[in-house]
Each structure stands twice: as C-alpha cells, then as structure tokens.
There are 2 protein chains.
Amino acid sequence: MIRILLAEDEHLIRGALAALLALEDDIAVVAEAGSGDEALAMARAHRPDVAVLDLQMPGPDGVAAAALLRETVPECTPMIVTSHAGAGALKRALAAGVRGFVPKTVSAQQLAEIIRTVHEGGRYIDPELAADAIAAGESPLTSREAELLALAADGAPVAEIAARAALSPGTVRNYLSAAAAKLGAENRHVAARVARERGWL
Amino acid sequence: MIRILLAEDEHLIRGALAALLALEDDIAVVAEAGSGDEALAMARAHRPDVAVLDLQMPGPDGVAAAALLRETVPECTPMIVTSHAGAGALKRALAAGVRGFVPKTVSAQQLAEIIRTVHEGGRYIDPELAADAIAAGESPLTSREAELLALAADGAPVAEIAARAALSPGTVRNYLSAAAAKLGAENRHVAARVARERGWL
DNA sequence: GAGGCGGAATGACATCTGTCATGCAGTCCC
DNA sequence: GGGACTGCATGACAGATGTCATTCCGCCTC
C-alpha cells in the first residue's frame with residue numbers, strides 16, 4: 001500500500017483527486033494539505049511514501065516544498081502535478097530533487113501509474129515538457145545579465161535597477177543590451193519575457 | 001435531474017469533477033469536452049441544462065464558448081469554473097451572459113449547490129472576485145488609449161504600434177503617456193500590466 | 001449661436017535607453 | 001611570461017521614448 005500526501009490549494013481539485021486516487025487498491029491518501037507550509041507539517045506528522053504537490057500553492061510553492069521535504073522527511077518522494085508549467089519550472093523542480101513532473105492533462109489512471117513508478121524509485125517527466133526543456137537548452141546569459149534582467153522584468157526604469165544593483169546606469173544598460181541581443185529580443189522588456197518563458201531567470 | 005456538460009482541458013481534473021458530480025443524486029454529467037470547440041459540438045448534440053466551462057481551454061476559451069453557447073443553444077445556462085481569475089475575466093464573462101463564476105477553491109458540495117442555483121435561474125459570483133471587480137471600478141482610459149495600450153502590451157516598439165494603428169509615432173507616444181499617467185505607471189510597460197490586471201484591456 | 005469641455009491627433013523638446021569602443025581583472029593554454 | 005579569451009564595468013554617442021503646448025472636431029449647456 002502506497003501512502004500519499006496530497007497538497008493542492010484548490011479544494012475542488014484536491015477533493016476530486018483524493019476521491020479518484022482512493023479508488024486504486026494500492027494507494028491510500030493519508031494526508032491532505034492546502035498550502036506549502038501545511039504540506040510540510042502533514043508530511044512530518046504522517047510520513048507518507050509519496051508527496052503529490054501542486055506547483056502553484058500559497059506559501060512555499062510545490063518546488064520549494066519539495067526541496068524542504070527532501071531535507072526534513074527524506075524517505076518521502078516528492079512529485080509535482082501542475083496546470084501551466086514551463087521549462088523553467090521543470091528545471092527548478094529537478095534541481096530540487098523532484099522525481100515526477102506531471103501536467104494535469106494526464107488521466108487519473110496514468111497518475112496512479114506514475115505514483116507507482118515514482119514509489120518504486122523510478123522517475124517520470126512529462127515528455128512534452130522534457131522536450132521543451134531540452135529545446136530551450138542552457139542559458140546563454142552570464143550571471144550578471146540574468147540578475148539584471150530579473151530586476152528589469154517588472155518594467156522598472158534603468159535608474160531604479162542601477163540603484164538596486166549598485167551599478168552605474170550605463171553598465172546596467174550594457175548588460176541588458178547584451179542579454180537582449182543574445183535572446184534575439186528588440187528590448188529588455190521582451191528579453192525578460194523570453195528569458196522567463198525558457199526558465200533562464 | 002440536472003443534465004450538465006463539463007468542459008475542461010485537463011483530463012485529470014475533468015475526470016475527477018465528473019466523478020464527484022456523479023455522486024450527487026440530482027446531477028447527471030451527460031457530456032464532456034476538452035476544448036471550446038468540442039464543448040459547442042457536445043452542447044448541440046446533447047442539449048444540457050447547464051454547461052460548466054473551464055476558463056482556460058484550447059480553441060475558444062470558457063468565456064468565448066459561453067457567448068457562442070448562448071446563441072446556438074439558448075436553453076443551456078453557461079457557468080465558468082477557473083483557477084487563476086482576475087477581475088477582467090469576470091467582467092468579460094458577465095458580458096457574455098455567464099450566470100455563474102466560481103474559483104476552483106470551492107468544495108464539490110458547494111459547486112453542486114451553485115449548479116443547482118444557476119439551473120433554477122439564479123446567479124452566483126465568487127464574492128472575492130466580485131469585490132476585486134468593484135474595487136477596480138470603471139476604466140479611466142479612453143478607447144484609443146486602451147487600444148494602443150493593448151498593442152503595446154507585448155513590448156513592441158512605438159514605431160510598430162504606430163504602423164499597426166496607422167498613426168504618427170508622436171500620437172502613439174502621447175496616448176501611451178496619457179494612459180500611463182492615468183494608471184500611475186512610470187512607463188507604458190508597467191501601465192500595460194496594470195491595465196491587464198484590472199481588466200481594462 | 002457662443003462658450004466650454006473632452007477626445008483625437010500632431011510636432012518640438014528634453015530625457016531615457018540601447019549601441020559601441022574601451023579598459024581592467026581573472027583564467028586557460030601554450 | 002605572453003597571448004587569447006571571457007566576464008565585469010564605464011562613458012560617449014545616436015536613436016527611441018515621454019512630456020508638453022497646440023490645433024481641430026464633435027458634443028453638451030446655457
């Protein structure tokens with residue numbers, strides 16, 4: 001019997017998932033959580049075999065919760081279920097030690113099967129997302145470029161970015177310009193969007 | 001017996017919802033769809049009493065599907081269920097004749113209750129989203145300002161916007177500047193973001 | 001009809017932003 | 001040690017952007 005923790009902030013989905021997974025003979029939902037913090041508390045209390053975490057949650061999100069879980073409850077294998085995932089989220093998840101990454105487009109049977117796979121020590125990554133992540137490749141941005149692009153992402157003027165990074169405005173412009181060139185973007189705003197989409201921020 | 005159509009592109013959620021709603025004695029899921037187009041076809045074929053539509057779907061989204069439904073299958077009452085909704089989506093939905101607007105944070109029992117309410121001719125709008133929409137108020141932007149701000153939303157340079165709108169670059173700058181001032185934004189990029197958040201585009 | 005008001009549209013001016021040439025420090029490879 | 005290379009940092013210049021004053025037109029009010 002595989003004992004699982006289900007963390008998902010949308011009651012409707014959480015309840016529905018719990019009901020469906022309960023239909024599987026070898027799976028038992030032993031705990032439910034509606035936020036990242038709650039998920040950690042529940043995991044400590046119930047010591048589940050597998051934690052099924054939604055990516056978008058209040059408090060620590062799915063990936064952050066997975067990272068914390070690996071530290072505090074190492075015998076619990078974390079996996080992520082999500083609606084709108086990009087290659088960036090997948091990368092962060094793998095770096096955090098997540099063993100399964102599944103979009104909500106799979107069926108309940110498939111999800112159950114993936115839970116079994118993960119529980120037996122295997123891995124499962126959604127093929128389409130994996131392809132995206134591979135296609136996106138490694139970030140061509142230097143650390144400084146990525147850092148300044150992140151600061152520019154909300155549309156702040158250069159002067160503010162320069163102040164926050166303790167740099168001359170000219171320097172900031174230079175990095176942002178280089179980043180935009182590498183990304184084939186016309187200006188820093190579209191560059192920031194592209195970089196986010198590819199998980200390079 | 002209330003006959004409903006369930007349109008939701010995520011198999012996992014759709015299957016789970018269908019299972020939960022089937023538990024209610026007075027509700028029958030007579031059709032399921034995974035896209036806006038499919039939802040319309042199913043509605044024409046099965047003539048359900050209520051259409052439960054996810055906001056985010058391939059093809060026509062939930063609101064667009066609801067609008068089309070009201071034309072082609074007038075006896076079917078549309079309602080929207082969604083994860084990440086803003087005031088803008090709510091406004092569009094109400095304009096399209098949607099009778100219920102529910103976030104996925106409600107429980108299955110609540111959803112069933114809301115389906116009954118809507119089926120009896122009532123309305124249900126999530127209180128929090130309604131408050132957001134009221135707080136956002138009416139758009140202070142003129143139609144031209146909104147139009148140009150929408151064109152500027154993806155970070156395009158002014159020259160391109162001017163070409164698309166068949167205006168002088170100076171005029172475009174002027175409108176965008178006025179819009180940014182009304183929205184308290186420092187530049188057109190943040191202005192576009194703010195306007196989107198408040199449903200003014 | 002006169003006057004006031006607000007939106008549409010434009011060009012001139014000042015400021016901001018992106019591009020370029022340049023210098024400096026660290027690293028790798030002969 | 002001497003190059004060659006890469007990343008970090010800066011300022012000068014040109015082009016893009018935002019601000020302002022102004023004109024024109026339709027609408028409303030008196």
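Naming convention: chains lettered A, B, ... in sequence-line order (proteins, then strands); numbering from 1 in each chain.
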Please give, in whole Å, the distance from [N] [atom2] to [X] [atom1]?
X: Leu176(B); N: dT17(D); atom1: CG; atom2: C1'; result: 10 Å
X: Leu148(B); N: dG18(D); atom1: CG; atom2: P; result: 12 Å
X: Leu141(A); N: dC8(D); atom1: CG; atom2: C1'; result: 15 Å
X: Lys182(B); N: dG6(C); atom1: NZ; atom2: P; result: 11 Å
X: Glu186(B); N: dT19(D); atom1: CD; atom2: P; result: 10 Å
X: Glu145(B); N: dG18(D); atom1: CD; atom2: P; result: 14 Å
X: Arg144(A); N: dT10(D); atom1: CZ; atom2: C1'; result: 14 Å

**OP:** Scan residues 10-24 of chain A for pairs that pass side-chain hydrogen bond (donor to acceptor under 3.5 Å, both in side chains), counting only residues two or more places apart or in two chains.
**Re:** Glu10(A)-Ser83(B), Arg14(A)-Glu32(A), Glu24(A)-Arg116(A)

N/O contacts under 3.5 Å, protein versus nucleotides 11-16 of chain C?
none

Original post:
Counting any heavy atom closer than 4.0 Å, what does Leu167(A) reach on the DNA or RNA strands: base, sugar-phosphate only, or nothing?
Top reply: sugar-phosphate

Subject >> dC8(D) OP1/OP2 closer than 4.0 Å to side-chain N/O of Thr142(A) >> reply: yes

**OP:** State plainly whether the residues Lys104(A) and Asp54(A) are in salt-bridge range, i.e. N to O under 4.0 Å.
**Re:** yes

Considering residues at least two apart in sequence or located in another chain, which fulfil the side chain to side chain donor-acceptor pair (under 3.5 Å) criterion with [X]?
X: Arg164(B); result: Glu160(B)
X: Arg173(B); result: none
X: Lys182(B); result: Glu145(B)

**OP:** For Ala66(B), check side chain to side chain contact (heavy atoms under 4.5 Å, CB included) against everything at least two apart and list the hits.
**Re:** Leu53(B), Pro78(B), Val98(B)

